[in-house]
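As structure tokens, the structure follows; a few thoughts come after it.
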Amino acid sequence: MNTRFCLRPYDKLVSEKLEHAGILRPIARALSARGVTSSDDLIEDWTALLPPASLEGTQLAAELLADAIQNNKRITVVADYDCDGATACAIAVRGLAMMGAQAQFIVPDRFKLGFASVPRAVPCEKAVPAIVEAAAHTHKPDVIITVDNGIASVEGVARARELGIDVIITDHHLPGDSLPEAACIVNPNVGESTFQSKSLAGCGVMFYVLMALRTELRNRGVFDRATQPRLDKLSDLVALGTVADVVKLDHNNRVLVAQGLNRIRRGLACPGINALFAVAGRDPAAATARDFAFGIAPRINAAGRLTEMGVGIQCLLTESFDEAQSLALELDSLNRERRELEGTMQLDANALVSHMDWEHRATVTLFEPDWHQGVVGLVASRVKEKINRPVIAFAPDDEDGFLKGSGRSIEGVHLRDALDHVSKWRPDLIERFGGHAMAAGLTIRRENLALFSELFEKAVSQCASPETFDRVVYTDGALAPEEITFGLVDALSSRIWGQGFERPIFANDFTILSQRVLKETHLKLVLDMAGNRFEGIFFRRSEPLAAQAKLAYRPEINEYLGRRSIQLVIEAVESR
């Protein structure tokens with residue numbers, strides 16, 4: 001597989017303007033390449049947040065909820081089973097309690113109610129009525145609020161209407177061919193919405209509804225500005241869910257993440273988040289978006305992958321630190337189990353791939369009879385990163401004779417469209433599927449695995465050129481040796497980076513002075529750039545580098561035995 005470096009285009013005039021505003025040259029250039037046009041785009045306080053009234057549906061949702069609160073109606077929150085859904089649920093329950101309502105919640109079990117048959121972006125319509133029935137039987141609600149789900153729940157909403165339950169949908173996923181006949185829909189990606197942040201996560205949508213509800217209750221005289229609830233108390237949950245759902249960190253989302261991180265750093269996070277930081281061995285006083293992505297979110301997601309998300313939601317809801325600590329330990333245990341499962345499955349997957357002629361294929365389809373359906377998406381993602389091919393990994397379904405698959409794709413291959421092609425060629429082959437360009441889920445019969453693999457390969461081969469399968473690494477240019485300083489690393493670390501606003505990667509030509517393999521999996525390097533020596537680490541690579549190489553890297557601070565030094569974390573080596 002070839003690896004090509006591609007320089008990110010940037011606006012030189014904007015870059016110079018940002019430099020004049022006091023931003024270091026490499027960061028100014030990177031920011032201009034990510035769409036920043038002025039210093040105003042970097043403001044991260046509450047004043048920069050898009051107003052709640054600009055998100056269509058929030059006013060109607062606020063009126064319906066205000067009526068429900070003032071009439072003592074029973075409210076049930078129907079949550080999704082990932083970290084965005086868990087945080088959105090906690091935001092809803094906590095926020096409604098601030099407004100005087102006592103909402104209950106219900107969350108689907110991805111295995112029992114069948115949501116795992118398709119990705120969470122397109123819930124299985126057959127399962128949704130069952131969730132409505134469960135909520136109606138258990139909670140007897142007058143109003144259901146969906147969080148991070150519901151936009152595809154046509155049948156579920158219809159069943160709720162038959163039972164006399166009003167449904168308010170808060171979601172951010174793309175709708176299907178028809179919308180549910182809900183009392184209200186709040187979704188920035190529906191219809192003619194002009195809301196400027198299409199990347200708002202499910203937790204962000206619910207937060208916007210609460211802001212509108214607070215205004216409505218204030219207008220009704222329930223609160224004034226002095227007595228109204230402080231919704232910034234929920235910002236830690238909003239930030240966590242936004243980062244965890246890997247939505248684009250546009251300006252509005254960066255404001256939400258920055259405010260949540262500030263709250264955590266000041267020691268004001270909810271007990272559950274503080275407990276999760278503790279079990280993850282991370283310092284909340286120095287919290288970053290990376291802590292969310294790699295420390296906190298995986299522990300919450302482990303509950304949804306291996307069992308049910310109730311324990312994750314309860315961890316985020318409890319006001320007791322002792323209970324939060326107990327629940328966080330339970331989530332940590334589930335995450336260790338998930339890691340062990342994933343590790344074993346990854347070894348299986350690597351063995352399967354090693355016996356394939358994958359370099360002459362456009363796709364890879366994997367299956368082992370003892371794989372866990374809650375973890376196959378992680379395995380597909382790892383294999384995709386390694387070989388730069390669309391990958392679908394299957395595990396046995398609880399229902400005899402069926403396989404559940406989860407796929408991950410690459411730039412240039414729309415995974416859901418590829419599955420749609422397969423389905424049109426053989427309508428009886430895929431039982432159900434859904435997803436988007438980069439991720440999808442599906443269910444097939446076990447005896448159809450070989451045929452599916454063949455047609456999936458055909459579908460992708462027909463739409464992708466050979467260059468699609470080269471690995472392209474976008475870089476932010478070269479650094480001069482004198483620019484690689486603690487100041488640069490600190491300035492990089494002080495900003496919010498993430499999906500769609502990626503942390504800068506730089507590229508230079510190096511002479512490899514020495515290299516050795518650590519723990520059989522990582523390369524420890526000593527590098528020379530124009531007579532200047534740097535330490536480097538190339539994770540998950542044991543194959544030695546050539547004496548001269550062009551490397552893409554991130555400068556980071558390495559702390560070892562009390563000594564701080566700059567280390568270049570190598571992301572890729574360009575093919576020659």
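The figures that follow rest on heavy atoms only: side chains count, while hydrogens, waters and symmetry mates do not. Numbers for residues simply follow the sequence, beginning at 1.
A side-chain hydrogen bond (donor to acceptor under 3.5 Å, both in side chains) with E342 holds for exactly one of Q346, R338, R339; it is R338.
Between A297 and L240 the shortest heavy-atom distance is N-CD1, 4.2 Å. Taking each heavy atom of C89 and A79 in turn, the nearest pair found is CB-CB, 3.6 Å. Scanning both residues, H172 and P188, for their nearest heavy atoms gives CA-CD, 4.4 Å.
Looking at E483, its side chain never comes within 3.5 Å of a backbone N or O of P26 through a donor-acceptor pair. A donor-acceptor pair is defined here as one N or O able to donate and one able to accept, closer than 3.5 Å; no such pair exists between the side chain of D171 and the backbone of N187. A distance-only check finds no donor-acceptor pair linking the side chain of D148 to the backbone of D84 [under 3.5 Å]. Panel note: side chain D332, backbone A328; no donor-acceptor pair is recorded below 3.5 Å. Side chain of D236 to backbone of C270: a donor-acceptor contact under 3.5 angstrom is found. In this structure, the side chain of R305 does not engage the main chain of V375 through any donor-acceptor pair within 3.5 Å. Listed for the Q259 side chain is a donor-acceptor partner under 3.5 Å among the backbone atoms of E44. Looking at N149, its side chain does come within 3.5 Å of a backbone N or O of V147 through a donor-acceptor pair. Between the Q59 side chain and the A53 main chain, no donor and acceptor come within less than 3.5 Å of each other.
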**OP:** Decide side chain to side chain contact (heavy atoms under 4.5 Å, CB included) for R416 and D420; before the verdict, give the C-alpha distance in whole Å, the side-chain angles of both, and the deciding distance to 0.1 Å.
**Re:** CA-CA 6 Å; R416 190 201 175 282; D420 191 48; 4.2 Å; yes
**OP:** For salt bridge (charged side-chain N to carboxylate O under 4.0 Å, His left out), just list the numbers for R576 and D509, CA-CA rounded to whole Å, side-chain angles, deciding distance to a tenth of an Å, and then say yes or no.
**Re:** CA-CA 12 Å; R576 293 191 171 179; D509 290 309; 3.2 Å; yes
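For Y208, the ring-ring contact (aromatic ring centres under 6.0 Å, His included) test picks out F195, with sequence neighbours left out.
Between the CZ atom in F506 and the CG atom in L492 there is a gap of 5.5 Å [rounded to 0.5 Å]. Rounded to the nearest 0.5 angstrom, K386 NZ and N350 CG are separated by 4.0 Å. We find the CD1-SG distance between I313 and C83 to be 10.5 Å, quoted to the nearest 0.5 Å. Interatomic distance, I300 CD1 to D82 CG, rounded to the nearest 0.5 Å: 10.0 Å. Rounded to the nearest 0.5 angstrom, C315 SG and M309 CE are separated by 11.0 Å. Atom NZ of K248 sits about 13.0 Å away from atom NZ of K198, to the nearest 0.5 Å.
A salt bridge links D476 with R34; the closest basic N to acidic carboxylate O contact falls under 4.0 Å. Classification of D41 and K17 as a salt-bridged pair fails, no side-chain N sitting under 4.0 Å from a carboxylate O.
Between the side chains of T511 and Q548, at least one donor N or O lies within less than 3.5 Å of an accepting N or O. A donor atom on one side chain and an acceptor atom on the other are not found under 3.5 Å apart for H173 and N189. A donor and an acceptor atom, one from each side chain of T242 and N253, are nowhere located under 3.5 Å apart. With no hydrogens or angles considered, a side-chain donor-acceptor pair links E56 and T194 at under 3.5 Å.
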